[in-house]
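One structure below.
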Amino acid sequence: MKISVIGAGYVGLTTAGCLAQIGHDVFCSENDKDKLAKLQAGVMPLFEPHLEGIIASAKEAGRLTFGSTDEGIDRGKAIFICVGTPPLGNGDADLSAIEGIARVIAKRASGYRLVIEKSTVPVQTGAQLRKHLGVHSTNGLDCDVACNPEFLREGSGVEDFLHPDRIVVGVDSPRAATLLQEIYQPIIDQTFACPVHSDCPSRNTLRFLVTDTTSSELIKHASNSFLATKISFINMVADLCEAVGADVAKVAEGMGLDPRIGPAFLSPGLGFGGFCLPKDVQAFIRIAEKSGCDFSLLKEVERINQRRIEHFIEIVRRELWVLRGRKIAMLGLAFKPNTDDVRFAPAIAIAKLLLAEGVEVRAYDPEAMEKAKVLLPAITYCDNAYEAAEGADAVLLLTEWEEFRKMDWGRLATLVERPLIIDGRNALPLENVTRNGFEYVGIGGLSAPSRLEPAMIPV
Ligand SMILES: NC(=O)c1ccc[n+]([C@@H]2O[C@H](COP(=O)([O-])OP(=O)(O)OC[C@H]3O[C@@H](n4cnc5c(N)ncnc54)[C@H](O)[C@@H]3O)[C@@H](O)[C@H]2O)c1
(Lines give C-alpha, C1' and ligand atoms only; values in the text may rest on other atoms or scores of the structure.)
Protein backbone atom coordinates (compact mmCIF):
# COMPACT_ATOMS: atom_id res chain seq x y z
CA MET A 1 0.00 0.00 0.00
CA LYS A 2 1.15 3.58 -0.58
CA ILE A 3 1.72 4.93 2.91
CA SER A 4 2.96 8.30 4.13
CA VAL A 5 4.48 8.90 7.54
CA ILE A 6 4.59 12.51 8.72
CA GLY A 7 7.42 13.24 11.16
CA ALA A 8 10.75 11.40 11.12
CA GLY A 9 11.42 11.20 14.87
CA TYR A 10 11.85 8.11 17.05
CA VAL A 11 8.33 6.90 16.25
CA GLY A 12 7.97 8.15 12.67
CA LEU A 13 11.31 6.86 11.45
CA THR A 14 10.77 3.47 13.07
CA THR A 15 7.24 3.29 11.62
CA ALA A 16 8.42 4.29 8.14
CA GLY A 17 11.36 1.88 8.15
CA CYS A 18 9.35 -1.05 9.50
CA LEU A 19 6.35 -0.51 7.18
CA ALA A 20 8.79 -0.46 4.24
CA GLN A 21 10.47 -3.57 5.62
CA ILE A 22 7.16 -5.49 5.60
CA GLY A 23 6.57 -4.56 1.97
CA HIS A 24 4.77 -1.22 1.77
CA ASP A 25 5.67 1.70 -0.47
CA VAL A 26 6.49 4.38 2.11
CA PHE A 27 7.06 8.12 1.88
CA CYS A 28 8.38 9.75 5.05
CA SER A 29 7.97 13.51 5.52
CA GLU A 30 10.04 15.70 7.78
CA ASN A 31 9.83 19.48 8.12
CA ASP A 32 13.12 20.00 9.94
CA LYS A 33 15.34 20.84 6.97
CA ASP A 34 18.61 19.61 8.56
CA LYS A 35 17.03 16.31 9.56
CA LEU A 36 15.50 15.85 6.11
CA ALA A 37 18.82 16.59 4.38
CA LYS A 38 20.53 13.99 6.58
CA LEU A 39 17.90 11.38 5.85
CA GLN A 40 18.07 12.05 2.12
CA ALA A 41 21.87 11.74 2.31
CA GLY A 42 21.61 8.43 4.19
CA VAL A 43 22.72 9.84 7.57
CA MET A 44 20.73 8.82 10.65
CA PRO A 45 19.51 11.78 12.78
CA LEU A 46 18.95 9.51 15.80
CA PHE A 47 20.12 6.24 17.26
CA GLU A 48 17.79 3.28 17.42
CA PRO A 49 19.17 -0.27 17.21
CA HIS A 50 18.68 -1.97 13.78
CA LEU A 51 16.99 1.06 12.23
CA GLU A 52 19.90 2.35 10.17
CA GLY A 53 20.23 -0.94 8.24
CA ILE A 54 16.48 -1.21 7.67
CA ILE A 55 16.28 2.30 6.30
CA ALA A 56 19.31 1.88 4.08
CA SER A 57 18.01 -1.32 2.50
CA ALA A 58 14.45 0.00 2.11
CA LYS A 59 15.80 3.11 0.36
CA GLU A 60 17.95 1.01 -1.90
CA ALA A 61 15.00 -1.25 -2.75
CA GLY A 62 12.96 1.85 -3.64
CA ARG A 63 10.39 1.23 -0.91
CA LEU A 64 11.25 4.28 1.22
CA THR A 65 11.64 7.91 0.16
CA PHE A 66 12.08 11.05 2.25
CA GLY A 67 10.67 14.48 1.40
CA SER A 68 8.33 17.29 2.35
CA THR A 69 5.00 17.15 4.17
CA ASP A 70 3.15 18.31 1.05
CA GLU A 71 4.61 15.45 -0.98
CA GLY A 72 3.71 13.00 1.75
CA ILE A 73 0.11 14.17 1.77
CA ASP A 74 -0.07 13.89 -2.02
CA ARG A 75 1.38 10.37 -2.12
CA GLY A 76 -0.05 8.29 0.69
CA LYS A 77 -3.44 6.62 0.70
CA ALA A 78 -2.84 6.03 4.42
CA ILE A 79 -1.18 8.90 6.29
CA PHE A 80 0.38 8.16 9.69
CA ILE A 81 0.80 11.33 11.78
CA CYS A 82 3.88 10.82 13.96
CA VAL A 83 4.74 14.37 15.01
CA GLY A 84 5.57 15.44 18.56
CA THR A 85 2.88 16.32 21.10
CA PRO A 86 5.03 18.03 23.76
CA PRO A 87 3.61 19.38 27.02
CA LEU A 88 2.37 22.96 27.25
CA GLY A 89 3.02 24.95 30.44
CA ASN A 90 -0.29 23.78 31.94
CA GLY A 91 0.36 20.09 31.19
CA ASP A 92 -1.93 19.87 28.16
CA ALA A 93 -0.51 18.19 25.06
CA ASP A 94 0.47 20.72 22.40
CA LEU A 95 -1.49 19.63 19.33
CA SER A 96 -0.45 22.49 17.08
CA ALA A 97 1.68 20.29 14.80
CA ILE A 98 -1.26 17.91 14.31
CA GLU A 99 -3.69 20.75 13.68
CA GLY A 100 -1.29 22.21 11.11
CA ILE A 101 -1.05 18.91 9.26
CA ALA A 102 -4.84 18.51 9.28
CA ARG A 103 -5.18 21.87 7.54
CA VAL A 104 -2.67 20.93 4.85
CA ILE A 105 -4.33 17.55 4.26
CA ALA A 106 -7.74 19.24 4.00
CA LYS A 107 -6.51 21.82 1.51
CA ARG A 108 -4.26 19.61 -0.65
CA ALA A 109 -5.72 16.14 -0.71
CA SER A 110 -8.39 15.03 -3.13
CA GLY A 111 -10.00 11.61 -3.19
CA TYR A 112 -9.72 9.13 -0.32
CA ARG A 113 -7.23 9.30 2.60
CA LEU A 114 -7.03 7.31 5.80
CA VAL A 115 -5.59 9.74 8.36
CA ILE A 116 -4.07 7.88 11.31
CA GLU A 117 -3.07 9.38 14.65
CA LYS A 118 0.04 7.53 15.78
CA SER A 119 1.25 10.40 17.92
CA THR A 120 0.03 10.12 21.51
CA VAL A 121 -2.99 12.40 21.71
CA PRO A 122 -5.65 13.30 24.26
CA VAL A 123 -8.96 11.56 24.05
CA GLN A 124 -11.30 13.08 21.45
CA THR A 125 -8.47 14.38 19.27
CA GLY A 126 -9.79 12.05 16.55
CA ALA A 127 -13.18 13.74 16.67
CA GLN A 128 -11.55 17.17 16.35
CA LEU A 129 -9.36 15.96 13.52
CA ARG A 130 -12.35 14.59 11.64
CA LYS A 131 -14.25 17.84 12.12
CA HIS A 132 -11.36 20.07 11.01
CA LEU A 133 -10.53 17.94 7.99
CA GLY A 134 -14.15 18.51 6.93
CA VAL A 135 -14.23 22.22 7.78
CA HIS A 136 -11.06 23.10 5.85
CA SER A 137 -11.52 20.71 2.93
CA THR A 138 -11.30 22.57 -0.38
CA ASN A 139 -10.25 19.82 -2.78
CA GLY A 140 -12.85 17.09 -2.51
CA LEU A 141 -11.24 15.14 0.33
CA ASP A 142 -12.99 11.92 1.37
CA CYS A 143 -11.40 10.57 4.55
CA ASP A 144 -11.50 8.33 7.55
CA VAL A 145 -9.72 9.18 10.79
CA ALA A 146 -8.24 6.39 12.89
CA CYS A 147 -6.17 6.13 16.03
CA ASN A 148 -3.32 3.62 16.09
CA PRO A 149 -1.37 4.30 19.29
CA GLU A 150 2.28 3.32 19.31
CA PHE A 151 3.64 1.24 22.19
CA LEU A 152 7.26 0.87 21.05
CA ARG A 153 10.00 1.47 23.57
CA GLU A 154 12.99 3.50 22.46
CA GLY A 155 16.01 1.25 22.41
CA SER A 156 13.99 -1.74 21.19
CA GLY A 157 11.69 0.18 18.85
CA VAL A 158 12.22 -1.97 15.76
CA GLU A 159 11.72 -5.19 17.64
CA ASP A 160 8.62 -3.83 19.37
CA PHE A 161 7.15 -2.61 16.08
CA LEU A 162 7.72 -5.87 14.22
CA HIS A 163 6.91 -8.23 17.10
CA PRO A 164 4.30 -6.39 19.17
CA ASP A 165 2.15 -7.82 21.95
CA ARG A 166 -0.80 -5.92 20.58
CA ILE A 167 -1.80 -3.67 17.72
CA VAL A 168 -4.59 -1.34 18.73
CA VAL A 169 -6.66 0.42 16.09
CA GLY A 170 -9.45 2.84 16.86
CA VAL A 171 -11.79 3.28 13.92
CA ASP A 172 -15.19 4.64 13.22
CA SER A 173 -15.81 2.87 9.92
CA PRO A 174 -15.38 -0.69 8.58
CA ARG A 175 -13.35 0.75 5.67
CA ALA A 176 -10.71 2.13 8.05
CA ALA A 177 -10.55 -1.16 9.99
CA THR A 178 -10.04 -3.14 6.79
CA LEU A 179 -7.25 -0.85 5.57
CA LEU A 180 -5.42 -0.94 8.89
CA GLN A 181 -5.68 -4.71 9.02
CA GLU A 182 -4.27 -4.85 5.47
CA ILE A 183 -1.35 -2.61 6.50
CA TYR A 184 -0.48 -4.76 9.51
CA GLN A 185 -1.29 -8.20 8.03
CA PRO A 186 2.40 -9.13 7.50
CA ILE A 187 3.03 -8.37 11.18
CA ILE A 188 -0.11 -10.17 12.33
CA ASP A 189 0.96 -13.23 10.29
CA GLN A 190 4.71 -12.62 10.99
CA THR A 191 5.42 -13.11 7.28
CA PHE A 192 8.25 -10.66 6.64
CA ALA A 193 12.01 -10.90 6.49
CA CYS A 194 13.00 -10.04 10.05
CA PRO A 195 15.99 -7.71 10.24
CA VAL A 196 16.47 -8.40 13.97
CA HIS A 197 16.41 -12.17 14.46
CA SER A 198 17.47 -15.12 12.39
CA ASP A 199 14.89 -17.14 14.29
CA CYS A 200 12.00 -14.92 15.40
CA PRO A 201 10.36 -15.41 18.79
CA SER A 202 6.92 -16.95 18.44
CA ARG A 203 4.18 -14.36 18.86
CA ASN A 204 0.99 -16.37 18.91
CA THR A 205 -0.29 -14.08 21.65
CA LEU A 206 -0.36 -11.02 19.37
CA ARG A 207 -3.78 -9.36 19.49
CA PHE A 208 -5.15 -7.07 16.79
CA LEU A 209 -7.60 -5.07 18.87
CA VAL A 210 -10.19 -2.96 17.09
CA THR A 211 -12.02 -0.29 19.09
CA ASP A 212 -13.66 3.04 18.50
CA THR A 213 -11.28 6.00 18.12
CA THR A 214 -11.97 7.45 21.56
CA SER A 215 -11.23 4.18 23.36
CA SER A 216 -7.94 3.72 21.48
CA GLU A 217 -6.84 7.21 22.46
CA LEU A 218 -7.57 6.36 26.08
CA ILE A 219 -5.76 3.00 25.88
CA LYS A 220 -2.47 4.76 25.17
CA HIS A 221 -2.67 7.40 27.90
CA ALA A 222 -4.07 4.91 30.43
CA SER A 223 -1.28 2.41 29.66
CA ASN A 224 1.52 4.94 30.10
CA SER A 225 -0.08 6.35 33.24
CA PHE A 226 -0.35 2.86 34.70
CA LEU A 227 3.33 2.14 33.97
CA ALA A 228 4.27 5.43 35.59
CA THR A 229 2.16 4.49 38.63
CA LYS A 230 4.03 1.20 38.95
CA ILE A 231 7.38 3.03 38.87
CA SER A 232 6.36 5.59 41.47
CA PHE A 233 4.91 2.81 43.62
CA ILE A 234 8.15 0.82 43.71
CA ASN A 235 10.12 4.01 44.33
CA MET A 236 8.05 4.66 47.45
CA VAL A 237 8.59 1.03 48.49
CA ALA A 238 12.34 1.66 47.98
CA ASP A 239 12.21 4.66 50.33
CA LEU A 240 10.41 2.53 52.89
CA CYS A 241 13.02 -0.23 52.50
CA GLU A 242 15.76 2.34 53.08
CA ALA A 243 13.99 3.55 56.22
CA VAL A 244 13.36 0.13 57.77
CA GLY A 245 16.46 -1.70 56.57
CA ALA A 246 14.81 -4.03 54.03
CA ASP A 247 16.19 -4.94 50.61
CA VAL A 248 14.05 -3.52 47.82
CA ALA A 249 15.45 -5.98 45.27
CA LYS A 250 14.07 -8.86 47.30
CA VAL A 251 10.77 -7.05 47.90
CA ALA A 252 10.38 -6.34 44.17
CA GLU A 253 11.31 -9.91 43.31
CA GLY A 254 8.76 -11.27 45.74
CA MET A 255 6.04 -8.95 44.43
CA GLY A 256 6.86 -9.63 40.78
CA LEU A 257 6.45 -13.39 41.18
CA ASP A 258 2.72 -12.79 41.51
CA PRO A 259 1.42 -13.02 37.92
CA ARG A 260 -1.20 -10.39 38.74
CA ILE A 261 1.67 -7.96 39.42
CA GLY A 262 4.54 -9.19 37.21
CA PRO A 263 8.21 -8.20 37.47
CA ALA A 264 8.33 -5.45 34.82
CA PHE A 265 8.57 -1.82 35.92
CA LEU A 266 9.40 -2.79 39.49
CA SER A 267 12.94 -1.41 39.43
CA PRO A 268 13.43 1.48 41.81
CA GLY A 269 15.73 4.29 40.84
CA LEU A 270 15.70 7.79 39.44
CA GLY A 271 12.07 7.75 38.36
CA PHE A 272 10.57 7.85 34.90
CA GLY A 273 11.90 10.18 32.21
CA GLY A 274 11.93 10.41 28.43
CA PHE A 275 9.51 11.94 25.97
CA CYS A 276 6.54 9.75 26.90
CA LEU A 277 5.74 8.96 30.53
CA PRO A 278 6.24 12.42 32.11
CA LYS A 279 4.22 14.27 29.50
CA ASP A 280 1.60 11.56 29.11
CA VAL A 281 0.91 11.51 32.85
CA GLN A 282 0.57 15.30 32.80
CA ALA A 283 -1.74 15.20 29.81
CA PHE A 284 -3.87 12.44 31.36
CA ILE A 285 -4.25 14.48 34.55
CA ARG A 286 -5.44 17.43 32.45
CA ILE A 287 -7.82 15.25 30.42
CA ALA A 288 -9.36 13.93 33.64
CA GLU A 289 -9.63 17.44 35.09
CA LYS A 290 -11.36 18.75 31.99
CA SER A 291 -13.75 15.80 32.03
CA GLY A 292 -14.67 16.45 35.67
CA CYS A 293 -12.90 13.33 37.02
CA ASP A 294 -10.75 13.54 40.12
CA PHE A 295 -7.65 11.53 39.14
CA SER A 296 -5.51 12.83 42.01
CA LEU A 297 -3.82 9.41 42.19
CA LEU A 298 -1.83 10.48 39.13
CA LYS A 299 -0.89 13.83 40.66
CA GLU A 300 0.75 11.87 43.46
CA VAL A 301 2.51 9.61 40.93
CA GLU A 302 3.93 12.72 39.29
CA ARG A 303 4.90 14.29 42.61
CA ILE A 304 6.72 11.16 43.76
CA ASN A 305 8.57 11.09 40.46
CA GLN A 306 9.65 14.70 40.70
CA ARG A 307 11.10 14.03 44.16
CA ARG A 308 13.36 11.21 42.90
CA ILE A 309 16.01 13.55 41.57
CA GLU A 310 16.25 15.51 44.82
CA HIS A 311 16.28 12.21 46.73
CA PHE A 312 19.25 11.05 44.66
CA ILE A 313 21.10 14.32 45.19
CA GLU A 314 20.50 13.88 48.92
CA ILE A 315 22.20 10.48 48.74
CA VAL A 316 25.17 12.02 46.91
CA ARG A 317 25.34 14.81 49.48
CA ARG A 318 25.08 12.35 52.35
CA GLU A 319 27.99 10.32 50.97
CA LEU A 320 30.27 13.21 49.96
CA TRP A 321 29.33 15.65 52.76
CA VAL A 322 30.36 18.82 50.89
CA LEU A 323 29.63 19.00 47.18
CA ARG A 324 31.31 22.28 46.22
CA GLY A 325 34.61 21.65 44.48
CA ARG A 326 34.07 17.87 44.17
CA LYS A 327 34.67 16.02 40.94
CA ILE A 328 31.88 13.61 39.97
CA ALA A 329 31.77 11.12 37.10
CA MET A 330 28.37 10.51 35.54
CA LEU A 331 27.95 7.25 33.64
CA GLY A 332 24.99 7.63 31.32
CA LEU A 333 23.01 10.61 30.06
CA ALA A 334 20.22 9.05 27.99
CA PHE A 335 16.91 8.54 29.79
CA LYS A 336 17.33 4.79 29.30
CA PRO A 337 19.86 2.47 27.66
CA ASN A 338 20.11 1.84 23.89
CA THR A 339 18.92 5.27 22.88
CA ASP A 340 20.49 8.68 22.37
CA ASP A 341 17.33 10.40 23.64
CA VAL A 342 17.96 12.81 26.53
CA ARG A 343 14.53 14.46 26.63
CA PHE A 344 13.39 14.63 30.28
CA ALA A 345 16.32 12.36 31.20
CA PRO A 346 16.99 12.18 34.97
CA ALA A 347 20.75 12.43 34.26
CA ILE A 348 20.29 15.88 32.72
CA ALA A 349 18.38 17.16 35.75
CA ILE A 350 20.97 15.65 38.11
CA ALA A 351 23.87 17.24 36.21
CA LYS A 352 22.19 20.65 36.37
CA LEU A 353 21.69 20.40 40.13
CA LEU A 354 25.29 19.24 40.68
CA LEU A 355 26.62 22.11 38.56
CA ALA A 356 24.53 24.54 40.60
CA GLU A 357 26.18 23.12 43.75
CA GLY A 358 29.67 23.85 42.34
CA VAL A 359 30.53 20.28 41.34
CA GLU A 360 32.87 19.55 38.42
CA VAL A 361 30.90 17.07 36.30
CA ARG A 362 32.58 14.66 33.89
CA ALA A 363 30.27 12.47 31.85
CA TYR A 364 30.24 9.65 29.38
CA ASP A 365 27.37 8.01 27.47
CA PRO A 366 27.82 5.58 24.58
CA GLU A 367 25.27 7.33 22.31
CA ALA A 368 23.69 10.39 23.93
CA MET A 369 26.56 12.88 24.24
CA GLU A 370 25.85 14.84 21.06
CA LYS A 371 22.24 15.45 22.11
CA ALA A 372 23.24 16.15 25.73
CA LYS A 373 25.74 18.84 24.68
CA VAL A 374 22.86 21.00 23.46
CA LEU A 375 21.17 20.90 26.90
CA LEU A 376 24.32 20.73 29.03
CA PRO A 377 27.22 22.63 27.52
CA ALA A 378 28.99 23.22 30.87
CA ILE A 379 30.15 19.70 31.73
CA THR A 380 33.19 17.77 30.49
CA TYR A 381 32.37 15.05 27.96
CA CYS A 382 34.72 12.07 27.97
CA ASP A 383 35.54 9.36 25.44
CA ASN A 384 34.82 6.49 27.81
CA ALA A 385 33.84 5.65 31.38
CA TYR A 386 37.46 5.35 32.55
CA GLU A 387 38.32 8.84 31.35
CA ALA A 388 35.21 10.21 33.07
CA ALA A 389 36.24 8.54 36.35
CA GLU A 390 39.76 10.03 36.46
CA GLY A 391 40.20 11.78 39.80
CA ALA A 392 36.49 11.46 40.69
CA ASP A 393 35.23 11.66 44.27
CA ALA A 394 32.24 9.55 43.24
CA VAL A 395 31.03 7.66 40.19
CA LEU A 396 27.27 7.89 39.54
CA LEU A 397 25.51 5.27 37.43
CA LEU A 398 22.62 7.11 35.81
CA THR A 399 21.75 5.00 32.74
CA GLU A 400 22.04 1.21 32.86
CA TRP A 401 23.90 0.62 29.59
CA GLU A 402 25.20 -2.93 29.27
CA GLU A 403 28.78 -1.68 28.81
CA PHE A 404 28.72 -0.17 32.32
CA ARG A 405 27.76 -3.52 33.81
CA LYS A 406 30.78 -5.10 32.15
CA MET A 407 33.40 -2.52 33.14
CA ASP A 408 36.82 -3.42 34.48
CA TRP A 409 36.23 -2.35 38.09
CA GLY A 410 39.84 -3.04 39.05
CA ARG A 411 41.03 -0.58 36.43
CA LEU A 412 38.39 1.96 37.42
CA ALA A 413 39.47 1.75 41.07
CA THR A 414 43.00 2.85 40.13
CA LEU A 415 41.71 5.98 38.39
CA VAL A 416 39.32 7.50 40.93
CA GLU A 417 40.14 9.76 43.86
CA ARG A 418 37.68 7.85 46.08
CA PRO A 419 36.27 4.44 45.11
CA LEU A 420 32.60 5.24 45.64
CA ILE A 421 29.81 4.09 43.31
CA ILE A 422 26.31 5.49 43.68
CA ASP A 423 24.09 3.30 41.53
CA GLY A 424 20.96 5.23 40.61
CA ARG A 425 19.59 2.24 38.70
CA ASN A 426 20.52 -0.67 41.02
CA ALA A 427 22.04 -2.21 37.92
CA LEU A 428 25.73 -2.81 38.65
CA PRO A 429 27.28 -6.16 39.61
CA LEU A 430 27.59 -5.53 43.32
CA GLU A 431 29.96 -8.37 44.19
CA ASN A 432 32.36 -7.45 41.41
CA VAL A 433 32.25 -3.76 42.28
CA THR A 434 32.89 -4.27 46.00
CA ARG A 435 35.53 -6.97 45.39
CA ASN A 436 37.54 -4.30 43.60
CA GLY A 437 37.48 -2.01 46.59
CA PHE A 438 34.51 0.22 45.80
CA GLU A 439 32.01 1.40 48.37
CA TYR A 440 28.61 0.73 46.81
CA VAL A 441 25.45 2.71 47.46
CA GLY A 442 22.27 1.71 45.68
CA ILE A 443 18.64 2.78 45.88
CA GLY A 444 16.31 1.28 48.44
CA GLY A 445 18.65 -0.13 51.07
CA LEU A 446 20.21 -2.83 48.90
CA SER A 447 22.63 -5.20 50.55
CA ALA A 448 24.96 -7.75 48.98
CA PRO A 449 24.46 -10.11 47.32
CA SER A 450 20.80 -9.71 46.35
CA ARG A 451 20.29 -7.91 43.08
CA LEU A 452 17.61 -7.58 40.47
CA GLU A 453 18.73 -9.69 37.54
CA PRO A 454 19.32 -7.56 34.40
CA ALA A 455 16.44 -9.36 32.68
CA MET A 456 14.08 -7.92 35.28
CA ILE A 457 15.13 -4.35 34.74
CA PRO A 458 12.70 -2.63 32.40
CA VAL A 459 14.17 -1.21 29.21
N1 LIG B 1 9.44 8.26 21.55
C2 LIG B 1 8.74 7.21 21.95
O3 LIG B 1 9.26 6.23 22.50
C4 LIG B 1 7.25 7.17 21.70
C5 LIG B 1 6.57 5.96 21.88
C6 LIG B 1 5.19 5.93 21.64
C7 LIG B 1 4.54 7.10 21.27
N8 LIG B 1 5.23 8.25 21.13
C9 LIG B 1 4.51 9.45 20.68
O10 LIG B 1 4.79 9.63 19.29
C11 LIG B 1 4.84 11.03 18.99
C12 LIG B 1 6.19 11.36 18.35
O13 LIG B 1 7.21 11.09 19.30
P14 LIG B 1 8.76 11.09 18.87
O15 LIG B 1 9.53 10.67 20.05
O16 LIG B 1 8.91 10.36 17.59
O17 LIG B 1 8.96 12.66 18.60
P18 LIG B 1 10.15 13.37 17.82
O19 LIG B 1 10.22 14.75 18.33
O20 LIG B 1 11.37 12.50 17.89
O21 LIG B 1 9.67 13.37 16.30
C22 LIG B 1 8.70 14.20 15.76
C23 LIG B 1 9.18 14.65 14.38
O24 LIG B 1 8.10 15.27 13.69
C25 LIG B 1 8.65 16.34 12.92
N26 LIG B 1 7.56 17.23 12.52
C27 LIG B 1 6.86 18.11 13.28
N28 LIG B 1 5.92 18.73 12.54
C29 LIG B 1 6.01 18.23 11.27
C30 LIG B 1 5.32 18.45 10.05
N31 LIG B 1 4.33 19.34 9.96
N32 LIG B 1 5.71 17.76 8.95
C33 LIG B 1 6.70 16.87 9.02
N34 LIG B 1 7.40 16.61 10.14
C35 LIG B 1 7.06 17.27 11.26
C36 LIG B 1 9.68 16.94 13.87
O37 LIG B 1 10.61 17.75 13.20
C38 LIG B 1 10.31 15.67 14.45
O39 LIG B 1 11.39 15.22 13.67
C40 LIG B 1 4.58 11.76 20.30
O41 LIG B 1 3.20 12.04 20.38
C42 LIG B 1 4.95 10.73 21.35
O43 LIG B 1 4.28 10.93 22.56
C44 LIG B 1 6.58 8.31 21.32
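Atoms within each ligand, like the ligands themselves, are counted from 1 in listed order.
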inquiry  = Heavy-atom count check: over 12 atoms from other residues, nucleotides or ligands less than 6.0 Å from Tyr112 OH?
reply    =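 Counting other residues, nucleotides and ligands, OH of Tyr112 exceeds 12 neighbours.
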
query = Side chain of Asp365, backbone of Ala334: donor and acceptor closer than 3.5 Å?
reply =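 Present.
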
inquiry  = Tell me whether Lys406 forms a cation-pi arrangement with Phe404, defined as NZ or CZ under 6.0 Å from the six-membered ring centre and within 45 degrees of its axis.
reply    =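 The answer is no; the distance or angle limit is not met.
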
key: Arg343 NZ/CZ over Phe335 ring centroid, <6.0 Å and within 45° of normal   =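 Pair Arg343/Phe335 does not count as cation-pi.
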
ask   = What is the minimum heavy-atom distance between Leu36 and Ser68, and which atoms define it?
value =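 Scanning both residues completely, I find the closest heavy atoms to be CD2-N, 4.5 Å.
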
Exercise answer, ligand 1 polar atom pairs (N/O) under 3.5 angstrom:
{"residue": "ligand 1", "atom": "1 (N)", "partner": "Glu154", "partner atom": "OE2", "Å": "2.6"}
{"residue": "ligand 1", "atom": "3 (O)", "partner": "Glu154", "partner atom": "OE2", "Å": "3.3"}
{"residue": "ligand 1", "atom": "15 (O)", "partner": "Arg343", "partner atom": "NH2", "Å": "2.9"}
{"residue": "ligand 1", "atom": "16 (O)", "partner": "Tyr10", "partner atom": "N", "Å": "3.1"}
{"residue": "ligand 1", "atom": "16 (O)", "partner": "Val11", "partner atom": "N", "Å": "2.9"}
{"residue": "ligand 1", "atom": "19 (O)", "partner": "Arg343", "partner atom": "NH1", "Å": "3.0"}
{"residue": "ligand 1", "atom": "20 (O)", "partner": "Tyr10", "partner atom": "N", "Å": "3.3"}
{"residue": "ligand 1", "atom": "26 (N)", "partner": "Asn31", "partner atom": "OD1", "Å": "3.4"}
{"residue": "ligand 1", "atom": "32 (N)", "partner": "Thr69", "partner atom": "OG1", "Å": "2.7"}
{"residue": "ligand 1", "atom": "34 (N)", "partner": "Asn31", "partner atom": "N", "Å": "3.2"}
{"residue": "ligand 1", "atom": "37 (O)", "partner": "Glu30", "partner atom": "OE2", "Å": "2.5"}
{"residue": "ligand 1", "atom": "39 (O)", "partner": "Glu30", "partner atom": "OE1", "Å": "2.7"}
{"residue": "ligand 1", "atom": "39 (O)", "partner": "Glu30", "partner atom": "OE2", "Å": "3.2"}
{"residue": "ligand 1", "atom": "39 (O)", "partner": "Lys35", "partner atom": "NZ", "Å": "2.6"}
{"residue": "ligand 1", "atom": "41 (O)", "partner": "Thr85", "partner atom": "OG1", "Å": "2.6"}
{"residue": "ligand 1", "atom": "41 (O)", "partner": "Thr120", "partner atom": "N", "Å": "2.9"}
{"residue": "ligand 1", "atom": "43 (O)", "partner": "Thr120", "partner atom": "OG1", "Å": "3.4"}
{"residue": "ligand 1", "atom": "43 (O)", "partner": "Lys279", "partner atom": "NZ", "Å": "2.5"}

message = Under 4.0 Å between a side-chain nitrogen and a carboxylate oxygen: does that hold for Glu289 and Arg286?
response =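 Yes, this pair counts.
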
